[in-house]
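Take a look at the structure below.
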Amino acid sequence: MSIQEEFGSLVFSSKTMSKYLSSKIYQSLLATMQNGSALDPSIANDVAEGMKNWALDHGATHFTHWFQPLTGTTAEKHDSFLNPDYEGGVVASFSGKELTQGEPDASSFPSGGLRATFEARGYTAWDPTSPAFIKKSIDGVAVLCIPTVFCGYHGEALDKKTPLLRAQTALVKQINRVATLFSVPATTRPYATLGPEQEYFLIDADLYKERPDLIQTGRTLFGVRPARHQQMEDHYFGKIRNRVLSFMAEVDRELWLLGIPAKTRHNEVSPAQFELAPVFEEQNLASDHNMVTMEVLQNVAEKYGLVCLMHEKPFAGVNGSGKHNNWSITGPDGKNWLTPGKTPHENAKFLLVLVSIIKAVDTYSPLLRASVASAGNDHRLGANEAPPSIISIFLGEQLTDIINQLENGGAKSSKVGGVLEIGVSSLPKLPKDATDRNRTSPMAFTGNKFEFRAVGSDQSCSNANTALNLIVASALDEMLSVLDSEIAKGTDFHVALQALLQKEIKAHKRILFDGNGYAETWKKEAEKRGLPNLVTTLEAIETYRDPAVIELFKKYNVLSEIELKSRYAIDKENYFLVIALEAECALSMAKTFILPTAIAYAAELADSVESMAEFKHAGVEKLAKKASDAVEALIVSIDALEDAVKKESTKEKIKTMAEVRVQADALEEIVPADQWPFPSYADMFFIG
Ligand code: ADP
Ligand code: MG
């Protein structure tokens, strides 16, 4: 079979449906999927029957409701299709009810206090906007997966998909208002789009197995950066090594079978770091697809004797991994609304949406920061690497120029090759190709979409996109209400729009920054502008307790106050748990691997001093003293870490873990390489 024929063969797509469902049922289900309306219960049994037959044809014996609890990963519980026929045999069955609703015991999923443990019941309900698919393990075990939302007895959202869908609904409502205002023809349901670029590391599985820190925490807690790392800038887009290329080719094929449009693959900046980017899709589907992509990357790696590391910062001293969350809006006309238009009228719509995003990000930047907050991501966002923890927007020279002109009472020209269009409106015609790039910006306009770069590599995209949809919906709502009331008063539409854009730009232009986001001077400048710099998770998530943020989530029915509180509680708890786990892991590695090795080496040197005493060489003695001092220093730092662990102080744990690392890494530099208890960074970086 050609890849075109194979693409999506493991998805219950419209093509598959048309083969397994009667044409009446097929049409009805298709409408449900396209409109996002509820599934007609009278067809559920027939849909389930068709889906089961298709799954059996692919060798699946089980189905699962596949959902995204607040752990941040995916969850599945398999049920077989088989039921006894009470004549000693079995029948394969799958009812409409089994398809549309499940009741997994929810007591062991985090609920952040939403649900007392005695109310253990959770409910899963099919989300027909994301099609069912068949997941196959590397050994070919096939399971029918039905994407579902997950909620508690009273309908409270216990997952990450529900708020994403709700926030998209809020955004779509505002997009439809814009469409009405600009008389945009409606040919489709509007939706937000997402194209998540996924970064990851690959290391040899045999080396991974020798690193308790990687196994338990996902990142190295010790390790010295080798002489050669990323400084030659030769890995980025470099030739892909054979083993990695074979891995990538198989990943792509697996993704294509699942209907996931994997598009781009390349080497990233750090050695052993890579990236995979799909073609963008409707946001909810793209978000589900990203969860599957992460799983496929990990599964296929296993087959090649590799381990795929998705942690935000597996190695100190080189680049960490993120997800570039490319976000845009497809309007009811089926067009990308972040593409500058051809006519002044289209440009007016573009500028309205653009300014609403500027307003949204400036008003709620702490919320965006909080949406990507985690202990792992703190190593990227708070540190000196892409992107910084200060949220700002990059527009590029040309759009910035237009924004500046609008601020000063109406744009009259466009800087680069722009054609002046005055008359209907004083908004200029925008040339299409705004190709400036700025790698340091957390939120960059890249010509026809915004790229939010702060999402962590192992995070679900749902939090970030929930926040983006919600804040833009709110900003649009406010701006459209102003326009509505001006128009009602008889103000000319373009005059009203011009005045509104001017006012909003004046109020929010501090969020615009095109310079170097890594520079120390930016930190000072941002502070002067009053932009928050939330370096750690604990600082960032406090925004969930801000009354304005609580009101925002409530007003647009994205999360109720208690649902939002639960997210806060879970994020906080997770943060403490991760630090505690890392501290305990670091302590045990230091005590049971590093210290004994170091003592043995120091003792060996001391013996050498004695046996070589007759030569009276100062060098060996110096070395022996150095090793013995390093051992002492390590012991002191271990004691401090042990204390911090006992006291359960998170702040102390972070500080003392760093001290132990300094001492241990200093020892790694003097202990003979073959005696060091763990594979080194150099061993792991250069995959054979
Ligand atoms: P670059 O980051 O250099 O702009 P691309 O243009 O290839 O690279 O886009 C990167 C990602 O952005 C891809 O996953 C792509 O599908 C996605 N993307 C492109 N257009 C949109 C859009 N309208 N909405 C969301 N994502 C998009
Ligand atoms: Mg990009």
Starting at OG1 of T650, measure out to CG of L538 and round the result to the nearest 0.5 Å. 7.5 Å
Residues forming a side chain to side chain contact (heavy atoms under 4.5 Å, CB included) with D159, sequence neighbours excluded: V149, F150, A157, K161, T162, P163
Is E648 salt-bridged to K653, cutoff N-O under 4.0 Å? no
Can you list everything that forms a side chain to side chain contact (heavy atoms under 4.5 Å, CB included) with E604? Sequence neighbours excluded, please. Y601, Q675
Pair listing, side-chain hydrogen bond (donor to acceptor under 3.5 Å, both in side chains) test, anchored in residues 200-210, at least two apart: D204-R243
Between N516 (side chain only) and Y518 (backbone N and O only), is there a donor and an acceptor less than 3.5 Å apart? yes
Measuring only between side-chain heavy atoms, which start at C-beta, is T440 closer than 4.5 Å to W522? no
Parallel under 30°, tilted from 30 to 60°, perpendicular over 60°: which one fits the rings of H379 and H311? tilted
For E539, give me all partners under side-chain hydrogen bond (donor to acceptor under 3.5 Å, both in side chains), at least two apart in sequence or on another chain. T536
Say whether, by atom type as modelled, one donor and one acceptor occur between the side chain of T537 and the main chain of A373 under 3.5 angstrom. no
Are any side-chain N or O atoms of N377 and backbone N or O atoms of E312, one a donor and one an acceptor, separated by less than 3.5 Å? no
Tell me, yes or no, whether the heavy-atom count around E610 atom CD, taken from other residues, nucleotides or ligands under 6.0 Å, exceeds 12. no
Got a sec, which residues hit side chain to side chain contact (heavy atoms under 4.5 Å, CB included) with R265, two or more places apart in sequence or on another chain? L245, M248, A249, D252
Checking side-chain contact (heavy atoms from CB on, under 4.5 Å) for the pair F222/R211: CA distance, chi angles, key distance, verdict? CA-CA 10 Å; F222 301 99; R211 299 272 333 194; 4.1 Å; yes
For the NE2 atom of H324 and the CG atom of N326, what is their distance to the nearest 0.5 Å? 8.5 Å
Hey, can you tell me if F593 and F678 have their rings parallel, tilted or perpendicular (30° and 60° cut-offs)? tilted
Any donor-acceptor pair under 3.5 Å from S637 side chain to L634 backbone: yes
How far apart are the closest heavy atoms of S392 and M443, and which atoms are they? O-CB, 3.3 Å
Under 6.0 Å between ring centres: does that hold for Y236 and F274? no
Given the rule in the side-chain contact (heavy atoms from CB on, under 4.5 Å) test, do T656 and D643 qualify, once you have shown the distances and angles that lead to the verdict? CA-CA 9 Å; T656 52; D643 246 19; over 6 Å; no
Looking at S111 and I570, what are the two nearest heavy atoms and their distance? C-CD1, 3.8 Å
Polar side-chain atom of E527 near backbone of E525 as donor-acceptor pair, under 3.5 Å: no
Any non-hydrogen side-chain atom of F201 less than 4.5 Å from a side-chain atom of S270? yes
Applying salt bridge (charged side-chain N to carboxylate O under 4.0 Å, His left out), name anything that partners E268, two or more places apart in sequence or on another chain. none
Inter-residue atom distance E295.CD - T74.OG1, 0.5 Å rounding: 5.0 Å
Is it true that a side-chain atom of R453 and a backbone atom of P442 form a donor plus acceptor pair closer than 3.5 Å? no
Euclidean distance, L667 CG relative to I594 CD1, rounded to 0.5 Å: 8.0 Å
Stepwise side-chain contact (heavy atoms from CB on, under 4.5 Å) test for M291 and Q68: CA-CA 9 Å; M291 299 305 288; Q68 295 161 37; 4.0 Å; yes
Are any non-hydrogen side-chain atoms of L194 and N465 less than 4.5 angstrom apart? yes
Identify the heavy atoms of H289 and P261 that sit nearest to each other, and give their distance. ND1-CD, 4.3 Å
Are more than 12 heavy atoms, taken from residues, nucleotides or ligands other than K509, located less than 6.0 Å from that residue's NZ atom? no
What closest approach, in Å, do S462 and L164 show between heavy atoms, and which atom pair accounts for it? O-CD1, 3.9 Å
CD1 on I203 to CG on L309, rounded to 0.5 Å: 5.0 Å
Between the side chain of D514 and the main-chain N/O of F394, is any donor-acceptor distance below 3.5 Å? no
Are any side-chain N or O atoms of T217 and backbone N or O atoms of L214, one a donor and one an acceptor, separated by less than 3.5 Å? no
Donor-acceptor check, side chain of R380 to backbone of V455, threshold 3.5 angstrom: yes or no? yes
Taking atom types as modelled and ignoring hydrogens, do the side chains of Q230 and N319 form a donor-acceptor contact shorter than 3.5 angstrom? yes
Polar side-chain atom of E668 near backbone of D665 as donor-acceptor pair, under 3.5 Å: no
Answer yes or no: are there more than 12 heavy-atom neighbours, outside K565 itself, under 6.0 Å from its atom NZ? no
Pair E520 + K523, salt bridge at N-O below 4.0 Å: yes
Scan the side chains in residues 582-589 for donor-acceptor partners under 3.5 Å anywhere in the protein, sequence neighbours excluded, and list what turns up.
residue	atom	partner	partner atom	Å
E582	OE1	R219	NH2	2.9
E582	OE2	R219	NE	2.8

Measure the shortest side-chain to side-chain distance between S441 and F513 over non-hydrogen atoms and say whether it is less than 4.5 angstrom. no
Please set out all donor-acceptor pairs under 3.5 angstrom arising from side-chain atoms of residues 617-626, sequence neighbours excluded.
residue	atom	partner	partner atom	Å
K625	NZ	D629	OD1	3.3
K625	NZ	D629	OD2	2.8

Show me the side-chain donor-acceptor pairs of residues 364-372 shorter than 3.5 Å, one per line, residues at least two apart or across chains.
residue	atom	partner	partner atom	Å
R369	NE	L534	O	2.7
R369	NH2	D378	OD1	3.3
R369	NH2	L534	O	3.3
R369	NH2	V535	O	3.1
S371	OG	L368	O	2.7

Looking only at the aromatic ring of each residue, does the gap between the centers of W327 and F452 stay below 6.0 angstrom? no
side-chain hydrogen bond (donor to acceptor under 3.5 Å, both in side chains) filter on R241, not counting sequence neighbours, yields none
I'd like to know whether I638 forms a side-chain contact (heavy atoms from CB on, under 4.5 Å) with K591, so could you lay out the CA-CA distance, the side-chain angles of the two residues, the decisive distance to 0.1 Å, and finally the verdict. CA-CA 7 Å; I638 288 176; K591 274 166 67 173; 3.7 Å; yes
Cationic N near anionic O, under 4.0 Å, E542 to R545: yes
Correct closest heavy-atom pair for A301 and L202 would be CB-CD2, 4.3 Å
Residue pairs meeting side-chain hydrogen bond (donor to acceptor under 3.5 Å, both in side chains), one or both in residues 677-688, sequence neighbours left out, come to T220-Y681, R661-Y681, S680-D683
With sequence neighbours left out, write down each residue that passes side-chain hydrogen bond (donor to acceptor under 3.5 Å, both in side chains) with Q198, or none if nothing qualifies. N290, K323
Quick check on K239: does its NZ atom have over 12 non-hydrogen neighbours (other residues, nucleotides or ligands) under 6.0 Å away? yes
